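Because only heavy atoms are used, hydrogens play no part in the values below, and waters and symmetry mates are left out as well, while side chains stay in. It should be emphasised that the depicted structure is a prediction, and the values quoted were computed from it without experimental measurement.
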Amino acid sequence: MKKLSFFDKLSYGFGDLASNVVFTAVGTYLMFFYTDVFGISAALVGTLFFITRMWDAISDPIMGMIGDRTKTRFGKFRPYLLYVPIPLAIVAVLTFTTPDLDESGKIIWAFVTYILLMTFYTAINIPYSSLPATISDSPVERGQMASFRMVLAFTGALLVNASTLPLVEFFGNGNKQQGFQHTMMLLSAIMVVMFWLCFSRVKERVPMIKQRSSLKEDFAVVIKNRAWWVTILMGIPLFTFTIMPFAVGMYYFTYIVGDTSKAGMFFTMASLGMIAGSALMSQLVKRYSKRNLVITGACLSMCLIGNLYWVDPSDIYLIYAIIFFNQLSKGIAASSLWGLVADTADYIEWKSGRRVVGLSTSSATFSHKFGMGLSGALVGIGLSFAGYQAGAEQTAESIQMILLFMSVVPAFGAGCVAFIAYFYPITQEIEGTMQSELRVTRESNQAS
């Protein structure tokens, strides 16, 4: 198959840049927005995030099956990059809008807009994440696509983390409700343009095998596959604890460091670390298996992030250094995990003879969203349990809870990722044999 060009990989990466322009704002600021700007309790926010994750468990596989059965002149998965961005942008703005409602009305507004936001995210992210399996059958090319994806994803995260608070101040002029709403309008417009750029360049090249449509058979081959389950089980803690320093960062700098102006640089250094790790992965994947890169990245992170528990809050440069190298390690692990998604789809096809790209991809997209929501839920419920009160002087219990979420808890999560990744079944040797046999099967299928 034709080797992908630099611009092919770059264009694919624009799609995750688009996603992260909005979803970095969600992951980093929505928890703080809900409690300290919108005006609902941390416990209620945690409940909202948890309930939405239950809906994801249903909507993600449904979207995967819809994608597998889509047939258009644009392909199976590309059309969603064209049509979904506009409604996604509208709901993103509404999610960061504070309506003039009573407490019950605000709660309903938050639940409806956030659940809709994650539903539209499902409708675009599962097709987007399924594309590598249809763009190339080369494990190295797919690994590099995952690297480009993550570099641009965290470039988007870097831009958002560096600019959101200044933009909120600029647009709001002291009114945070207006500032967040107008900032999301700008970010959502950028998101739409980036998705359309991705759509205009990527092409689905891998031939699809001819098979009878059967939901029952699709589910059966997926849920019986070990690689699919391991991808979910390592993805949930990976994304939960990668996002956690972002979810709790505003609280850490508000109530422990005591200077929110330093939070922007913290988020910037975290994003730069993720970019560096993702870029490094594109070279490492040429020599090492993606499974081993997940294990190595997670182990390094475990050794780094826990140290924040003992760091003096005034030692700001050490805090920046720890988060940079921690997120670099997480960047290697996260990029490698996304590279495993297409390999898992091929593994299912190799073992069963059925091609179920969208449904198999739902493992990683579900774990990504579940992790993002679980991170917020844990922080929200934990802070509420410790007696957190927005804008007030915090108790020793609240301070301790914030500090644990910043350090020891994500270190434990990284250790879980490394342990689970050990059981992923696709080694470099299996990968080579699998791709050779699949290529023969697909060519034979096309010829017939």
Side-chain angles (χ1 to χ4, degrees), residues 13-34 36-38 85 88-97 114 117-118 120-121 124-125 128 148-172 176-195 197-198 239 242-253 260-279 320 323-324 327-328 330-331 334-335 368-369 371-373 375-376:
F14 282 146
D16 224 16
L17 189 155
S19 290
N20 277 274
V21 163
V22 167
F23 280 89
T24 295
V26 171
T28 303
Y29 298 107
L30 187 59
M31 179 79 192
F32 185 80
F33 171 80
Y34 275 149
D36 286 43
V37 179
F38 193 81
L88 176 60
I90 292 170
V91 176
V93 173
L94 294 177
T95 301
F96 279 89
T97 296
Y114 185 66
L117 181 69
M118 299 314 296
F120 280 118
Y121 181 68
I124 199 165
N125 197 253
Y128 172 75
F148 271 78
R149 169 185 183 170
M150 299 309 287
V151 166
L152 285 170
F154 296 124
T155 298
L158 170 63
L159 295 174
V160 171
N161 285 328
S163 65
T164 294
L165 293 180
L167 285 172
V168 168
E169 180 61 31
F170 174 77
F171 287 125
K176 289 186 177 180
Q177 294 179 354
Q178 176 179 300
F180 270 104
Q181 182 190 51
H182 291 187
T183 298
M184 287 307 298
M185 289 179 180
L186 175 61
L187 296 179
S188 296
I190 295 171
M191 176 198 70
V192 172
V193 172
M194 291 295 102
F195 268 127
L197 283 174
C198 179
F239 293 118
T242 296
I243 293 167
M244 187 163 282
F246 292 96
V248 78
M250 285 297 296
Y251 298 99
Y252 179 76
F253 280 89
T260 56
S261 68
K262 292 182 170 63
M265 181 56 68
F266 173 85
F267 296 135
T268 298
M269 294 303 294
S271 298
L272 285 172
M274 295 293 282
I275 292 170
S278 300
Y320 291 160
I323 198 63
F324 174 83
Q327 297 304 102
L328 184 150
K330 287 287 184 64
S335 298
H368 184 201
K369 292 192 299 177
M372 183 170 69
S375 180

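Counting all heavy atoms, side chain and backbone alike, L165 lies closest to M250 at CD1-SD, 4.0 Å. Closest approach of G15 and F195 over heavy atoms only: O-CE2, 3.3 Å. When all heavy atoms are compared, the tightest approach of M191 to P85 is CE-O, 3.4 Å. Residues A25 and V160 share a closest heavy-atom pair of N-CG1, 3.8 Å. Across all non-hydrogen atoms, the minimal contact from F14 to C198 is CB-CB, 4.2 Å. Considering all non-hydrogen atoms of both residues, A89 and S188 come closest at O-OG, 3.5 Å.
Put simply, the side chain of Y128 reaches to within 4.5 Å of the side chain of R149, judged on heavy atoms. Residues F171 and Q178 form no side-chain contact, since every pair of their non-hydrogen atoms from C-beta on lies 4.5 Å or further apart. Counting heavy atoms from C-beta outward, M244 and F239 have side chains that stay 4.5 Å or more apart. V26 is listed as a side-chain neighbour of L117, based on a closest heavy-atom distance under 4.5 Å. Counting only heavy atoms from C-beta outward, the side chains of F170 and T183 never approach each other to under 4.5 Å.
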Under the side-chain contact (heavy atoms from CB on, under 4.5 Å) criterion, do Q181 and V93 qualify, and how do the steps go?
CA-CA 6 Å; Q181 182 190 51; V93 173; 4.2 Å; yes
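Centroid-to-centroid, the aromatic rings of Y34 and F38 come within less than 6.0 Å. Under the 6.0 Å cut-off for aromatic ring centres, F266 and Y320 do not qualify, their centroids lying 6.0 Å or more apart.
Below 30°, between 30° and 60°, or above 60°: for F33 and F96 the angle between ring planes is between 30° and 60°, a tilted geometry.
Using modelled atom types, no side-chain atom of Q327 and backbone atom of L272 make a donor-acceptor pair closer than 3.5 Å. A donor-acceptor pair under 3.5 Å is formed between the side chain of N20 and the backbone N or O of D16.
Interatomic distance, OG of S278 versus CG of L328, reported as 8.5 Å (0.5 Å rounding). How far CG of L158 is from CG of L152: 11.5 Å, rounded to the nearest 0.5 Å. Taking OH from Y114 and OH from Y121, the interatomic distance works out to 10.5 Å, rounded to the nearest 0.5 Å. Between the OG atom of S335 and the CE atom of M150 there is a distance of 4.5 Å, given to the nearest 0.5 Å. Interatomic distance, CE of M31 versus OG of S375, reported as 9.5 Å (0.5 Å rounding). The structure places CG of L167 at 13.5 Å from CE of M185, a figure rounded to the nearest 0.5 Å.
At most 12 non-hydrogen atoms from other residues, nucleotides or ligands lie less than 6.0 angstrom from CE of M265.
Of the candidates T95, T97, V37, V37 is the only one forming a side-chain contact (heavy atoms from CB on, under 4.5 Å) with F180.
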